[in-house]
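We count ligands from 1, going down the list as the structure has it; atoms in each ligand are counted the same way.
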Amino acid sequence: MSVPDLHRVARSIRQAFIKFDHVNAIHGVLATLVTTDYGQCEPDIVFVVGEPGTGKTWLIKRFVANYPREDSETVTRVPVLLVNVPPKCALKRLPGAMLQALGSPLWNVGDEEQRSYQLETLLRKCGVRLVILNEANHLVDRGKEKSHYLLGDWIKLMSEKTGIPFVLVGIPRVKVLLGVNEQLADRVREVVTVEPFGVDPRCRNQMTTALGAFDKLLDGVSRIPLSDPANAQRFALATAGRLRRIRRVLEEAARAAGSLPKPKIDLPLLAEVFRTHVFSGAPDQRNPFVPAKFDGRPLTGPGEPYEPRRQTKEEVDA
Ligand SMILES: Nc1ncnc2c1ncn2[C@@H]1O[C@H](COP(=O)(O)OP(=O)(O)OP(=O)(O)O)[C@@H](O)[C@H]1O
Ligand SMILES: [Mg+2]
């Protein structure tokens with residue numbers, strides 16, 4: 001396969017959206033929220049939670065694309081409102097961020113109460129049937145229990161006043177909101193977890209499935225059998241089962257193969273990609289793609305790619 005072809009394969013891996021079973025299942029949950037008529041009942045609140053790079057934003061964006069915004073002269077319809085919560089977003093900033101996402105030119109006019117009122121009116125006027133707050137963990141980036149409690153309260157009230165269900169998407173830290181606000185927790189219909197891919201038979205998402213799906217995109221490229229059990233185990237350790245890492249390793253492997261006289265994706269090439277793009281300067285003992293030397297332990301030690309983040313007390317309690 002020629003160099004331009006390998007670059008094309010690399011691009012297709014980067015752009016791929018694979019409809020894994022869990023992706024379809026979460027799309028199903030979201031579609032139910034959009035189509036449910038809540039009438040006078042309390043609308044549902046759903047959390048979608050997963051470690052970084054497990055594919056949350058990707059699947060949400062693809063869902064929202066099914067519900068395009070319609071602008072006419074008299075009215076704008078936004079069936080599903082996707083809001084990217086800005087970093088360190090305090091309650092003062094949230095209504096403005098939502099107004100901005102809706103397209104209001106007056107998103108920064110007025111105090112928090114006035115913006116909340118404008119938002120409530122516009123959500124109704126634009127026929128919004130579902131609000132998705134992506135990166136909702138930014139709501140608990142800073143502040144204390146009290147401010148997190150008030151944020152939870154605001155979300156719950158906005159949902160009730162407008163009759164619109166809300167979905168909060170984020171890394172597990174987002175669950176702090178549930179820990180501090182019992183009323184919000186009480187209203188949550190479901191906390192959906194986006195799981196990483198693993199090799200243990202108990203894992204809901206199997207690494208062999210993920211590799212099998214990406215493998216199809218490598219059609220025509222000379223390669224080792226990526227999804228056989230030994231390689232799946234190597235990928236599981238090298239990527240912690242996260243789609244961003246799996247995608248990056250395979251994308252860079254396709255690109256790197258392009259610079260070889262006889263392009264082939266094999267263990268030495270994957271070991272080099274791992275050293276360059278996942279764990280800079282990893283010694284062979286800590287490189288899952290060097291089977292003769294790798295010590296078999298997960299890459300969760302200090303300074304390693306999957307070192308657990310330090311948890312705050314609230315997070316532990318949540
Ligand atoms: N369903 C999928 N099919 C193929 N590739 C995917 C899929 N989901 C995610 N990816 C790949 O993983 C990358 C990271 O996904 P995404 O940004 O959705 O992760 P995330 O869970 O939102 O991460 P973060 O917590 O850091 O925001 C995507 O850019 C894409 O390359
Ligand atoms: Mg994301």
Step by step, would you call Thr276 with Glu252 a side chain to side chain donor-acceptor pair (under 3.5 Å)?
CA-CA 9 Å; Thr276 316; Glu252 296 301 342; over 6 Å; no
In this structure, atom 6 (C) of ligand 1 is nearest to the protein heavy atom Trp58 CD1, 3.4 Å
Exercise for review: Answer with yes or no whether Gly50 contacts ligand 1, where contact means a heavy atom under 4.0 Å from a ligand atom.
Suggested key: no
Correct closest heavy-atom pair for Lys264 and Leu269 would be O-CD2, 3.8 Å
Q. Heavy atom of Ile171 under 4.0 Å from ligand 1?
A. yes
Judged by heavy atoms only, the candidate from Arg244, Glu135, Arg62, Arg248 nearest atom 26 (O) of ligand 1 is Arg244
re atom 23 (O) of ligand 1, the protein heavy-atom contact at minimum distance is Gly53 N, 2.8 Å
Would you be so kind as to tabulate the donor-acceptor pairs closer than 3.5 Å made by side chains of residues 233-245, with sequence neighbours excluded?
from   : atom 1 : to     : atom 2 : distance (Å)
Arg234 : NH1    : Asn231 : OD1    : 2.8
Thr239 : OG1    : Phe235 : O      : 2.6
Thr239 : OG1    : Gly241 : N      : 3.0

So for Lys56 against ligand 1, with non-hydrogen atoms under 4.0 Å, the contacting part is both
field: 4.0 Å heavy-atom contact, Gln15 with ligand 1
entry: no
All heavy atoms of Pro165 vs all of Arg129, minimum pair found to be CD-O, 3.1 Å
Nearest non-hydrogen protein atom to atom 1 (N) of ligand 1, with distance, is Ile18 O, 3.0 Å
Within 4.0 Å of some non-hydrogen atom of Thr57, the atoms of ligand 1 are 17 (O), 18 (O), 20 (P), 22 (O), 27 (O)
the protein heavy atom lying closest to atom 31 (O) of ligand 1 turns out to be Arg247 NE, 2.7 Å
Note: Pro298 and Arg286 closest approach over all heavy atoms is O-NH2, 2.8 Å
Taking only non-hydrogen atoms of Leu243 and a 4.0 Å limit, the atoms of ligand 1 in range are 7 (C), 8 (N), 9 (C), 10 (N), 12 (O)
TODO: Would you check if the side chain of Gln118 reaches a backbone N or O of Leu99 as a donor-acceptor pair within less than 3.5 Å?
DONE: no
Given the options Val191, Leu133, Asn137, Leu168 meets side-chain contact (heavy atoms from CB on, under 4.5 Å) only with Leu133
Honestly, for Lys19 the part within reach of ligand 1 (heavy atoms, under 4.0 Å) is neither
Whether His22 and Phe20 hold their rings parallel, tilted or perpendicular, with breakpoints at 30° and 60°: parallel
Scanning both residues in full, the closest heavy-atom pair of Ala257 with Ile265 reads CB-CG1, 4.3 Å
Salt bridge or not between Asp215 and Arg223? Use side-chain N to carboxylate O under 4.0 Å.
yes
Only residue of Ile155, Leu91, Val176 satisfying side-chain contact (heavy atoms from CB on, under 4.5 Å) with Leu139 is Ile155
One checks the Mg ion (ligand 2) and counts protein N, O or S atoms under 2.8 Å, reaching 1
Ligand 1 atoms nearer than 4.0 angstrom to some heavy atom of Ala16 are 3 (N), 4 (C), 5 (N)
Would you say ligand 1 has an N or O under 3.5 Å from any N or O of Gly55? yes
Nearest heavy-atom contact between Leu177 and Gly152 is CD2-N, 4.3 Å
Under a 4.0 Å threshold between the charged nitrogen and the carboxylate oxygen, would Arg275 count as salt-bridged to Glu272? yes
